[in-house]
There are 2 protein chains.
Amino acid sequence: MKLTSRGRYAVMALVDLARFDNINPVSLRDISLRQGISLDYLEQIFSKLRKKEIVQSVRGTQGGYVLNKKAKEIKLNNIFEAVDEKVKTVQCNKESKKGCNGKSIKCVTHNLWDELENHINNFFKEKSLEDLVKDNIERRI
Amino acid sequence: MKLTSRGRYAVMALVDLARFDNINPVSLRDISLRQGISLDYLEQIFSKLRKKEIVQSVRGTQGGYVLNKKAKEIKLNNIFEAVDEKVKTVQCNKESKKGCNGKSIKCVTHNLWDELENHINNFFKEKSLEDLVKDNIERRI
DNA sequence: ATAAACCTGACTAAAATAGTCAAGTATCTT
DNA sequence: AAGATACTTGACTATTTTAGTCAGGTTTAT
């Protein structure tokens with residue numbers, strides 16, 4: 001299981017977007033400057049977010065990105081999935097691994113990873129972008 | 001954050017050890033055969049487990065490894081820590097990253113990772129080796 | 001027209017992972 | 001005492017992933 005910078009950047013960028021997305025689209029250049037994330041890398045990340053319909057793009061001058069749903073409806077697990085942060089525990093059924101085919105014969109820890117996966121996903125499913133934005137604003141005061 | 005094969009193997013091997021550790025030490029060779037994990041890799045892993053006093057070694061013929069505590073007292077977080085599975089989310093305070101020094105100025109997602117870390121660690125702290133062994137025996141019937 | 005900003009795909013250095021390999025040392029059995 | 005079993009240690013390596021960079025587009029407001 002991994003949670004890497006890409007996922008973190010995605011969340012940081014979306015929190016930023018949610019805060020500044022009132023009327024006008026927010027350019028990646030601005031997010032890049034505010035959050036200290038490379039513009040090129042942001043473009044990769046937003047490409048994925050757009051494909052998963054988490055954001056919408058507005059091309060041309062004064063363009064940028066806009067949230068595609070309300071911040072309340074965007075859950076963290078949606079974000080991580082979009083940028084390929086697989087909240088997946090290590091597979092234990094590579095071919096011919098003893099005692100686990102994932103079905104009738106399970107390796108001794110198979111259920112454990114399932115539980116863990118659920119545990120983490122539940123955490124992410126409960127948190128919305130809005131929660132994070134509020135959190136952030138409160139702490140700024 | 002990562003959970004990789006090393007952590008999984010450690011847990012698999014210890015569950016195996018806990019089940020067969022009645023009177024005699026269990027050899028890595030046996031664990032290797034039963035669990036389908038390379039002997040050399042197991043040796044690396046058990047070296048770490050021994051240093052953290054999770055297992056004890058018995059050298060010589062008929063030697064092997066023995067649990068150093070009761071299975072009930074060995075929690076999963078102890079195991080993961082021992083084999084360097086850092087349940088650590090990505091750091092967000094690499095030098096000069098904007099808006100986060102981990103202290104007075106926190107990046108927008110700083111608290112999130114802290115919470116997540118706690119969430120996962122709680123899961124691991126609640127699960128003991130004994131729980132897994134029981135789980136496993138029950139499912140075998 | 002031109003500049004801002006999105007869009008796409010290919011490329012790469014560095015790190016981590018999942019091992020392997022080799023050369024031991026300790027201890028039990030015979 | 002010899003031999004076998006099994007732990008012990010450290011170095012080495014192929015592969016994969018990550019975290020970007022780079023280059024060359026296209027779209028659209030002004």
Side-chain angles (χ1 to χ4, degrees), chain A residues 1-10 12-13 17 20-21 23-33 35-52 54-66 68 80 83-86 88-92 94-95 97, chain B residues 1-10 12-13 17 20-21 24-33 35-52 54-66 68 80 83-86 88-92 94 97:
Chain A
M1 209 210 82
K2 298 186 185 180
L3 289 179
T4 66
S5 288
R6 194 165 61 239
R8 183 165 58 84
Y9 287 165
M12 286 169 73
L17 182 55
F20 291 91
D21 166 29
I23 303 165
N24 302 315
V26 180
S27 73
L28 292 191
R29 188 171 164 281
D30 286 353
I31 296 178
S32 165
L33 291 173
Q35 302 297 329
I37 304 169
S38 132
L39 177 59
D40 282 314
Y41 203 23
L42 273 179
E43 278 171 350
Q44 271 187 39
I45 292 169
F46 272 76
S47 164
K48 291 173 189 251
L49 293 174
R50 191 175 61 85
K51 279 172 189 156
K52 291 297 169 69
I54 289 172
V55 296
Q56 269 191 331
S57 67
V58 180
R59 302 187 71 151
T61 319
Q62 304 300 321
Y65 285 91
V66 181
N68 200 27
F80 286 124
V83 298
D84 297 324
E85 288 278 48
K86 296 148 201 134
K88 260 276 174 193
T89 46
V90 198
Q91 296 296 325
C92 42
K94 288 182 192 166
E95 318 162 24
K97 283 294 175 194
Chain B
M1 209 210 84
K2 298 187 182 177
L3 289 179
T4 66
S5 288
R6 194 165 59 239
R8 183 165 58 84
Y9 286 167
M12 286 169 73
L17 181 54
F20 289 92
D21 167 27
N24 302 317
V26 180
S27 74
L28 293 190
R29 188 170 164 280
D30 286 354
I31 296 178
S32 165
L33 291 173
Q35 301 298 329
I37 305 169
S38 131
L39 178 60
D40 282 315
Y41 204 23
L42 273 181
E43 279 170 351
Q44 270 188 41
I45 292 169
F46 272 75
S47 165
K48 290 171 190 253
L49 293 174
R50 192 175 60 86
K51 279 172 190 155
K52 292 297 170 68
I54 290 172
V55 295
Q56 270 191 331
S57 66
V58 179
R59 303 187 74 153
T61 319
Q62 304 299 323
Y65 286 91
V66 181
N68 200 27
F80 286 124
V83 299
D84 297 323
E85 287 280 48
K86 297 149 201 133
K88 260 277 172 191
T89 46
V90 199
Q91 294 299 323
C92 42
K94 288 182 194 169
K97 282 292 176 196

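Atom set for the values below is all heavy atoms of this structure, side chains included, hydrogens, waters and symmetry mates excluded. The chains referred to below are lettered A, B, ... by the order of the sequence lines, with proteins before strands, and numbering in each begins at 1.
The CG atom of A:Leu33 sits 14 Å away from the C1' atom of C:dA4 (whole-angstrom rounding). Between the CG atom of B:Asp40 and the P atom of C:dT17 there is a distance of 19 Å, rounded to whole Å. In this structure, B:Lys48 places its NZ atom 11 Å from C1' of C:dT17, rounding to the nearest Å. The interatomic distance linking B:Leu28 (CG) with C:dA26 (P) rounds to 18 Å, in whole Å. Atom CG in A:Leu42 sits about 11 Å away from atom C1' in D:dG20, given to the nearest Å. Taking atom CZ on A:Arg6 and atom P on D:dT21, their separation rounds to 15 Å, with Å as the unit. Atom CG in B:Asn24 sits about 14 Å away from atom C1' in D:dA6, given to the nearest Å. If you measure from atom CZ of B:Arg59 to atom C1' of C:dT27, you get 9 Å, rounded to the nearest angstrom.
For the pair B:Ser38 and C:dA18, the criterion of a side-chain N or O lying under 4.0 Å from OP1 or OP2 is not met. Contact between the side-chain N/O atoms of B:Thr61 and the OP1/OP2 oxygens of D:dA4 is not found at any separation under 4.0 Å. Look at A:Ser57 and you won't find any side-chain N or O under 4.0 angstrom from OP1 or OP2 of C:dA5. Distances shown here put every side-chain N or O of A:Arg50 at or beyond 4.0 Å from the OP1 or OP2 atom of C:dA5. In terms of phosphate contacts, A:Ser27 brings no side-chain nitrogen or oxygen within less than 4.0 Å of OP1 or OP2 of C:dC6. A sub-4.0 Å separation between OP1 or OP2 of D:dG20 and a side-chain N or O of A:Tyr9 is present.
In this structure, of C:dC28, C:dA18, D:dA19, it is C:dC28 that holds the atom nearest to the side chain of B:Gln62.
By the 30° and 60° cut-offs, the orientation of the rings of B:Tyr41 relative to B:Tyr9 is perpendicular.
A heavy-atom distance below 4.5 Å is found between the side chains of B:Ser5 and B:Arg8. Within the 4.5 Å cutoff, no side-chain heavy atoms of A:Tyr65 are placed close to those of A:Leu42. Side-chain contact check for A:Asn24 versus A:Gln62: every heavy-atom pair is 4.5 Å or farther apart. Taking 4.5 Å as the limit, some side-chain heavy atom of B:Lys51 sits within range of a side-chain heavy atom of B:Ser47. Inter-residue side-chain proximity for A:Phe20 and A:Asp30 is flagged as unmet; no heavy-atom pair is nearer than 4.5 Å.
Comparing A:Gly63 and A:Lys51 against DNA chain C, the residue whose closest nucleotide sits nearer the 5' end is A:Gly63.
At a cut-off of 3.5 angstrom, the base of D:dT21 holds no donor-acceptor pair with the side chain of A:Glu43. Contact annotation: side chain of B:Arg29 to base of D:dT5, donor-acceptor pair absent below 3.5 Å. With hydrogens and angles ignored, a donor-acceptor pair under 3.5 angstrom links the side chain of A:Gln44 to the base of D:dT21.
Within the 4.0 angstrom heavy-atom criterion, only backbone atoms of the sugar-phosphate kind lie near B:Val26; the bases stay farther away. Within 4.0 Å of A:Tyr65, counting heavy atoms only, lie sugar-phosphate atoms of the nucleic acid but no base atom.
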